[in-house]
Amino acid sequence: MPVKQPTPQESELDDRRYRIRHSAAHVLADAVLELFPHAKYAIGPPVEDGFYYDFDVPTPFTPDDLGRLEAVMRERVARDLPFEMAEVSRDEARALFADQPYKQDIIDGLPEGEPITTCRHGGFLDLCRGRHVESTGRVPAFKLLTTAGAYWRGDERNRMLQRVYGSAWESEAALEEHLRQLEEAAQRDHRRLGRELDLFSTSEAVGPGLVLWHPKGARVRSLMEQVWREEHDRRGYQPVYSPHVGKGALWATSGHLDFYRESMYDAMDVEGQEYFAKPMNCPFHVQIYQSAKRSYRELPIRYTELGAVYRYERSGVLHGLLRVRGFTQDDAHIFCTPEQVEDEVVGVLDFAFHLLRVFGFDDYDVFLSTRPEKAVGDPADWELATEALRRALDRRHVEHLVDEGGGAFYGPKLDIKVRDAIGRSWQCTTIQFDFNLPQRFGLAYDGADGAEHRPYMVHRALFGSLERFFGVLIEHYAGAFPTWLAPVQAVLIPIADRHVDYAHAVRGQLAAAGIRAEVDARNERMNAKIRNAQLAKIPYMLVAGDKEAQANGAAVRLRTGQDLGLLPVDDVTARIVGETARRDPKAP
RNA sequence: GCCAUCGUAGCUCAGUGGCAGAGCAGCGGUUUCGUAAACCGCAGGUCGACGGUUCGAAUCCGUCCGAUGGCUCCA
């Protein structure tokens with residue numbers, strides 16, 4: 001079973017970083033207590049790339065406080081104080097942290113019979129299960145980054161604490177590298193590129209989390225949709241369309257009003273009937289399934305739709321294209337027999353990997369999520385479905401991680417997270433079994449035995465949502481889309497006014513071959529036009545002057561800076577058409 | 001929603017109680033140029049909105065809207 005494991009080297013470094021970050025958190029709490037003696041300290045674990053610590057303080061930390069805290073931390077590190085663990089009894093622990101309510105809360109939660117340990121360095125004592133470096137001097141490189149509010153134990157009914165985030169590494173070089181990566185990530189932030197490249201926007205007048213696709217972004221989207229449609233046609237899916245709203249009774253039957261109401265917008269009144277904007281497409285697809293009596297001979301039925309859904313998201317969680325209130329799912333629902341389930345899942349997996357590869361993603365993390373505590377459906381069905389997912393992964397030799405109990409209440413699922421060009425992970429594809437809807441709607445098909453059977457229903461999205469996938473795609477390519485996806489594939493750059501007519505003629509030739517090309521006829525020098533095209537990340541710059549007009553060609557400069565020299569227009573056309581036709585994810 | 005920070009021209013930003021500014025973008029003109037920014041000029045503002053304090057508010061206070069980083073959740 002190819003379940004992912006870290007390599008020994010990875011885990012050794014991970015362990016060292018864990019210790020450094022955990023230790024850094026202790027030093028931070030020490031510093032906070034030094035500067036804010038009345039602070040109550042709560043919890044401070046290591047996290048990816050760093051650490052945090054939560055405090056209950058009368059007034060939130062200011063950005064200035066970070067500098068002062070960091071100074072105290074550096075002083076502690078310079079003193080190289082040893083970390084000393086000690087085991088204490090429950091009563092001793094209570095006494096040691098008598099004036100620390102959060103520590104008392106943690107002690108209450110510790111299981112009886114397990115040893116309680118503390119860790120001391122200098123004058124600072126913390127309740128702690130351990131794993132530190134030997135002494136404060138062994139925290140080689142750290143930096144405090146931000147402060148943020150965080151609820152005690154992550155529950156918003158609890159008091160909000162003040163969290164300080166920091167980053168800590170085994171060397172200054174590693175810290176520098178991490179900070180450089182943050183800078184790199186900021187450079188390719190899709191919100192920034194969306195504005196700079198004129199791809200999309202949101203408008204205060206429209207409302208937060210509602211995306212406006214500008215012509216250039218919409219061009220990319222329509223290419224995404226085109227590939228998506230072609231592939232679905234090829235793989236036996238049937239496109240369907242469904243409305244954006246449906247009656248309350250439908251959402252009552254589906255269970256959305258019971259389980260999903262907080263994510264749905266309030267009802268609108270239509271002639272005394274309640275209608276709701278759809279947060280999912282499933283009930284509509286189920287209705288199409290139910291519009292006729294189904295036979296086992298028809299199965300599997302695969303309905304697919306680019307369905308716009310609306311979900312209420314709390315204002316604080318909205319984020320560019322990655323978390324919005326209205327989005328388009330590349331949805332599909334597969335209705336099939338139990339015998340067909342495994343092949344269907346394999347088919348979806350193959351499809352997902354193919355599609356992701358077309359868009360330049362070659363690196364994935366796959367997660368299998370199994371039955372949670374609270375679940376609907378027959379446990380035997382869960383077992384069969386989970387096994388089908390597992391066997392599908394095995395058949396395709398896909399390494400994966402298992403999230404025990406991480407499935408939805410209505411079925412087990414399989415998620416694919418893609419890794420982008422700078423190693424960040426994004427959830428896109430999801431394949432989910434649904435035992436809830438077939439039951440609620442009483443779905444059935446007639447089997448070979450003449451009896452009615454309940455079909456299996458698989459819900460899946462490959463991109464996830466077009467908005468999110470576009471956001472990830474922008475960041476993956478840093479806005480420099482490959483030729484086939486570039487909103488503008490080539491720009492004609494006439495050197496002087498007398499070359500403008502020729503440039504238009506060439507543009508016409510390119511357009512005739514289906515190439516998206518523009519002419520930069522502004523009264524600017526060639527240098528300015530090249531700079532402009534470069535910043536717009538246009539793959540091909542075709543300079544047209546006297547020589548080029550003479551030869552019916554263009555001097556070709558690539559976005560990469562490479563100069564291909566004077567080429568006949570036919571050659572340039574063939575090259576761009578070729579890259580486009582084979583959807584080369586790396587060209588130019 | 002909660003905590004923090006922020007909101008000045010299309011964009012990036014200066015202005016901290018006394019006449020709203022710069023660069024880029026835009027528009028007009030000059031220039032006709034060989035691989036990352038020619039030159040001159042013009043125009044562009046409810047300083048996020050509303051209310052308050054003040055002789056006077058972009059600036060101080062309050063409420064709201066929006067953005068950013070977190071908390072929780074997720075396509």
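Naming convention: chains lettered A, B, ... in sequence-line order (proteins, then strands); numbering from 1 in each chain.
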Sugar-phosphate, base or nothing in reach of A:N527, heavy atoms under 4.0 Å: sugar-phosphate
Complement of B:C19, any strand, by Watson-Crick or G-U distances under 3.5 angstrom: none
Neighbour count >12 (heavy atoms, 6.0 Å) for atom CZ, A:R219: no
Sugar-phosphate, base or nothing in reach of A:D331, heavy atoms under 4.0 Å: nothing
Nearest to side-chain heavy atoms of A:R195, which nucleotide of B:A75, B:G34, B:C11: B:C11
A:D520 CG to B:G34 P, straight-line distance once rounded to whole Å: 16 Å
A:W152 CH2 - B:C2 C1' separation (whole Å): 18 Å
Side-chain donor/acceptor contact of A:R525 with base of B:A38 under 3.5 Å: no
Touch class at under 4.0 angstrom, heavy-atom based, for A:L535 against every strand present: base
Touch class at under 4.0 angstrom, heavy-atom based, for A:V309 against every strand present: nothing
Gap between atoms CG and C1', on A:D189 and B:U12 respectively (whole Å): 16 Å
Span that lies between the C1' atom of B:G45 and that of B:C19, in whole angstrom: 15 Å
Nearest-Å distance once atom P is located in both B:A4 and B:C40: 48 Å
C1' atoms of B:C47 and B:G17, separation to the nearest Å: 15 Å
Pair assignment for B:A37, Watson-Crick or G-U wobble, requiring both distances under 3.5 Å: none
Distance below 4.0 Å between A:H319 side-chain N/O and B:C74 OP1 or OP2: no
Sugar-phosphate, base or nothing in reach of A:Q427, heavy atoms under 4.0 Å: sugar-phosphate
Distance-only donor-acceptor check, side chains A:H214 and A:D198, under 3.5 Å: yes
Atom-to-atom span, CG of A:L199 to C1' of B:C11 - whole angstrom: 15 Å
Pairwise P distance, B:G66 and B:G56 [rounded to whole Å]: 32 Å
A:R180/A:E183 salt bridge by N-O under 4.0 Å criterion: no
Sugar-phosphate only, base, or nothing, as touched by A:R163 at under 4.0 Å among non-hydrogen atoms: sugar-phosphate
Row check, A:F284 ring normal vs A:K278 NZ/CZ: under 6.0 Å, within 45°: yes
Ion pair check, A:E518 and A:R507, cut-off under 4.0 Å: no
A:S315 vs B:G1: side-chain N/O to OP1/OP2 distance below 4.0 Å: yes
Salt bridge present between A:R163 and A:D54 (N-O < 4.0 angstrom): yes
Residue closer to the 5' end of RNA chain B, A:G316 versus A:V543 (nearest nucleotide): A:G316
Touch class at under 4.0 angstrom, heavy-atom based, for A:Q162 against every strand present: sugar-phosphate
Under-4.0 Å side-chain N/O to phosphate OP1/OP2 contact, A:R557 with B:A36: yes
Under-3.5 Å donor-acceptor pair between A:E548 side chain and B:G34 base: yes
Sugar-phosphate only, base, or nothing, as touched by A:A528 at under 4.0 Å among non-hydrogen atoms: sugar-phosphate
Interatomic distance at P, B:U59 relative to B:G18, whole Å: 11 Å
SB check A:D155 A:R153 (cutoff 4.0 Å): no
Verify stack between A:Y165 ring and B:G70 base, 5.5 Å, 30 degrees: no
Sugar-phosphate, base or nothing in reach of A:D546, heavy atoms under 4.0 Å: base
Sugar-phosphate, base or nothing in reach of A:K547, heavy atoms under 4.0 Å: base
Under-3.5 Å donor-acceptor pair between A:Q432 side chain and B:A75 base: no
Sugar-phosphate only, base, or nothing, as touched by A:A555 at under 4.0 Å among non-hydrogen atoms: base
Who pairs with B:C2 - Watson-Crick or G-U, where each distance is under 3.5 Å: B:G70
Partner nucleotide, any strand, of B:U63 [Watson-Crick/G-U, under 3.5 Å]: B:A49
Stacked cation flag A:K417 on A:Y364, 6.0 angstrom / 45 deg: no
Pair A:E404 + A:R371, salt bridge at N-O below 4.0 Å: no
Between B:C2 and B:C42 - C1' atom distance, rounded Å: 49 Å
Whole-angstrom distance between B:U68 and B:C55, as gauged at atom C1': 38 Å
Atom-to-atom span, CD of A:Q562 to C1' of B:U35 - whole angstrom: 13 Å
Sugar-phosphate only, base, or nothing, as touched by A:G154 at under 4.0 Å among non-hydrogen atoms: sugar-phosphate
Distance test, side-chain N/O of A:R191 to OP1/OP2 of B:U68, below 4.0 Å: yes
Any donor-acceptor N/O pair under 3.5 Å between B:U72 base and A:D155 side chain: no
Below 4.0 Å: OP1/OP2 of B:C2 and any side-chain N or O of A:R157: no
5'-most by nearest nucleotide on RNA chain B - A:E204 or A:R153: A:E204
base_contact_polar (B:U35 base, A:D563 side chain, donor-acceptor, <3.5 Å): no
Any N/O donor-acceptor pair, A:Y312 side-chain to B:G1 base, under 3.5 Å: no
Any strand: nucleotide that pairs with B:C42 via Watson-Crick or wobble, under 3.5 Å: B:G26
Spacing of A:Y151 atom OH relative to B:G1 atom C1', expressed in whole Å: 6 Å
Six-ring centre of A:W213, A:R221 cation under 6.0 angstrom, axis tolerance 45°: yes
Rounded distance in Å - CG (A:D497) to C1' (B:U31): 10 Å
Span that lies between the C1' atom of B:A58 and that of B:G21, in whole angstrom: 12 Å
Donor-acceptor pair (no angle test) under 3.5 Å: A:R314 side chain, B:C71 base: no
Sugar-phosphate, base or nothing in reach of A:G464, heavy atoms under 4.0 Å: sugar-phosphate
